[in-house]
Amino acid sequence: MCGIVGYIGYKPAKPILLNGLLKLEYRGYDSAGISTLENDGISNIKSKGRVNSLNDIKEIDSLNGHVGIAHTRWATHGKPANCNSHPHMDNSKTFSVVHNGIIENYHELRNFLTKQGYNFLSETDSEVVPNLIHYYYKQLTCENDKKFLQAVKKACDDLVGSYALEIISSLHPDRIIVTRKDSPLVIGCGEKENYISSDIPAILSYTKNFYLLNDNEYVEIFDDSAKFYDRNLVPIEKDLKNIEWDASAAEKDGYEDYMLKEIHEQPKSIRETIGSRLTDSHTPVVFDDLSFSKEYLSNLQKIYIVACGTAMHAGLVGKALLENLCNIPTEVDIASEFRYRNPIINDKTLAIFITQSGETADTIAALKLARARGAKTLAISNVVGSSITREADHCIYTHAGPEIAVASTKAYTSQITLVSLLSIYFAETLESSNKGLIQELKKDILSLPDKVKTILDSSEDIKSFAEKVFQEKDMFFLGRGLDYSVSLEGSLKLKEISYVHSEAYASGELKHGPIALIENDVTVISIITNPLLVEKSISNIQEVITRGAKTMIITNQDIQGDNYDFCLRIPSINPLISPILSVIPLQLFAYYVSKAKGLDVDKPRNLAKSVTVE
Ligand code: AGP
């Protein structure tokens with residue numbers, strides 16, 4: 001999705017803005033642009049294509065200003081084109097604006113402004129914003145110093161939808177104004193300089209001190225200070241937050257791609273997720289940041305786990321854990337469905353929201369709905385201070401470190417690790433009699449980092465199989481129970497980065513239709529980790545082999561037969577958390593298929609890292 005960077009200080013803004021945009025490339029985008037304040041007004045340079053294509057525009061060499069805003073655009077309204085790229089300016093070229101989000105009432109505002117004599121040069125929803133600011137600015141009679149902020153506020157009062165906005169004006173060259181509603185924005189603080197970004201990693205190499213903005217707050221940012229205001233422009237105070245992430249953690253560290261680096265980081269990221277929450281199998285799991293009572297948990301009628309994409313797949317494992325350990329009925333919902341399906345919620349409902357970024361629009365909207373209907377809400381996120389963490393009643397972090405590749409890998413394994421710890425914490429609070437299972441799970445959770453390492457050692461074998469089948473058009477992932485949930489994740493990974501059509505099926509469903517698709521040159525990947533379901537799963541595999549499919553099996557069970565193309569043995573673990581291990585070969589497989597096809601693994605077409613619009 002779109003990315004925002006801004007700078008105000010004593011250094012030339014251009015290199016900082018371009019560097020920040022490059023760091024935001026992973027979010028997915030189709031055009032880029034920057035505006036800086038120069039001696040003769042605002043310079044605005046933008047282009048369809050990559051950030052580096054801005055350097056081909058001659059005028060960029062003359063930008064020396066110390067105040068600027070920049071943007072990478074992921075097209076929603078209007079195709080990728082120079083005219084639709086941001087920043088957008090008003091007709092008089094007094095204001096320049098970058099916008100993330102969607103202005104839902106832009107038709108109405110455009111009609112209104114057209115009647116007032118304004119022209120529009122783009123097809124975007126965003127271009128109404130600078131013109132609306134200009135429209136109000138001309139009418140204001142207040143003190144000059146207050147006019148810019150007043151005009152921005154008046155314009156925002158007219159906007160319906162979501163936005164993070166950064167605005168500069170040639171009439172107020174000492175400041176940048178920013179505001180947000182349902183779209184992320186942070187302010188990084190330096191010595192006599194300030195940075196702005198939609199995403200912490202873009203400016204992490206400049207500062208670790210951040211102000212986190214809430215919805216409908218406004219900020220006037222100067223080189224040496226920032227003034228904060230609430231929705232009515234009443235001044236407010238904000239605390240600086242220190243973000244522990246190391247800037248180098250957001251670099252590739254010698255790996256060819258972020259995704260490969262993040263796959264290999266999993267022993268470490270899982271260890272970080274466990275942290276001090278679990279120290280040994282005989283000691284209870286501790287969550288310093290939670291205080292659920294036995295009474296509250298035993299009165300719960302339902303738990304919802306709500307998320308999107310990979311995070312939702314992690315939620316499927318959470319359901320199995322919570323139901324098995326705590327005996328609480330648990331439903332998993334796709335956030336974009338949950339928010340519109342009128343779910344049954346009351347004060348005996350706990351709603352858990354899983355989101356790596358903490359910025360996914362549907363997940364945040366689903367949380368607001370659950371909270372409004374009386375549920376307690378618990379957010380699981382990887383990004384400290386992200387939007388969802390400020391909306392939820394409770395929040396716990398995966399601590400997996402920055403995940404840059406669009407395809408989520410280490411976040412998934414950390415999410416399941418954290419949900420398994422949470423389920424044990426609930427079960428122990430409930431004084432569950434399942435002590436044997438709980439102790440076994442704790443031992444297995446502590447063994448995860450080493451077991452993940454063992455699987456990573458098989459990378460070359462997985463690569464060889466991927467290179468054999470990478471040209472095939474269709475692939476299927478099969479599994480039963482939680483092996484089915486991990487099949488869904490394997491299939492999503494493959495689609496996302498290799499563009500190979502793939503489907504995941506519960507193995508038992510095969511005969512109910514999908515087997516009609518099996519023929520020569522189809523690859524079937526089967527995950528078999530549940531000892532109770534081995535025989536049945538093997539029968540399903542034999543059925544597809546008979547029909548000509550190439551097969552890969554990922555298993556920790558004793559599998560008979562030798563007619564599989566590739567069988568990868570992975571370490572044994574309790575079936576309730578086996579997806580943490582069985583997903584690793586699937587991540588590597590998707591990665592190597594994508595590489596064999598010569599694709600951009602980290603920035604797959606049409607996709608964005610965090611989906612901040614509906
Ligand atoms: C994962 O590979 C995807 N890129 C995507 O499904 C992602 O998991 C989903 O958009 C949810 O993101 P979130 O965890 O940041 O909310």
Side-chain angles (χ1 to χ4, degrees), residues 1 3 26-28 74 182-184 198-201 257-260 262-263 266 269 273 305-318 332-339 352-367 379-389 391-392 395-416 418-419 477 485-486 488-499 502 504 579 583-584 586-591 594 599-614:
M1 280 302 103
Y26 74 93
R27 290 175 67 106
W74 187 85
D182 297 331
S183 198
S198 49
D199 232 33
I200 290 169
D257 305 277
Y258 282 113
M259 183 181 175
L260 190 61
E262 287 158 9
I263 291 173
Q266 289 176 104
S269 51
T273 305
I305 302 181
V306 185
C308 300
T310 289
M312 191 277 289
H313 295 157
L316 295 171
V317 188
V332 181
D333 263 80
I334 295 167
S336 55
E337 294 293 316
F338 182 83
R339 61 185 289 196
I352 301 176
F353 300 84
I354 308 180
T355 164
Q356 186 283 130
S357 62
E359 303 294 351
T360 301
D362 282 320
T363 310
I364 294 174
L367 183 146
I380 293 181
S381 179
N382 192 38
V383 181
V384 174
S386 55
S387 301
I388 204 160
T389 65
E391 297 285 347
C395 172
I396 49 178
Y397 291 102
T398 41
H399 296 306
E403 189 181 69
I404 306 292
V406 164
S408 186
T409 53
K410 63 176 181 172
Y412 173 79
T413 47
S414 279
Q415 284 159 352
I416 301 178
L418 190 53
V419 176
F477 291 75
S485 81
V486 84
L488 290 166
E489 176 57 11
S491 172
L492 176 68
K493 226 64 323 159
L494 186 71
K495 284 186 197 95
E496 279 188 294
I497 57 168
S498 74
Y499 317 147
S502 83
V583 78
I584 312 278
L586 304 183
Q587 296 169 343
L588 286 164
F589 177 70
Y591 174 82
S594 175
L599 300 172
D600 186 341
V601 176
D602 287 335
K603 297 190 285 283
R605 70 183 181 204
N606 304 340
L607 294 179
K609 180 62 182 164
S610 41
V611 183
T612 50
V613 292
E614 201 179 333

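Read the numbers this way: they start at 1 and go in the same order the structure lists the ligands and their atoms. Just so it is clear, the structure is predicted and the values come from calculations on it, not from any experiment.
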Examine the side chains of [X] and [Y] and answer whether a donor and an acceptor come within less than 3.5 Å of each other.
X    : Y    : result
T310 : K493 : yes
S387 : E359 : yes
S594 : S498 : no
Q587 : E262 : no
T409 : Q266 : no
S502 : S491 : yes

Under 4.0 Å from ligand 1, residues with heavy atoms, in chain and number order, are C308, G309, T310, A311, T355, Q356, S357, T360, V406, A407, S408, L492, K493, E496
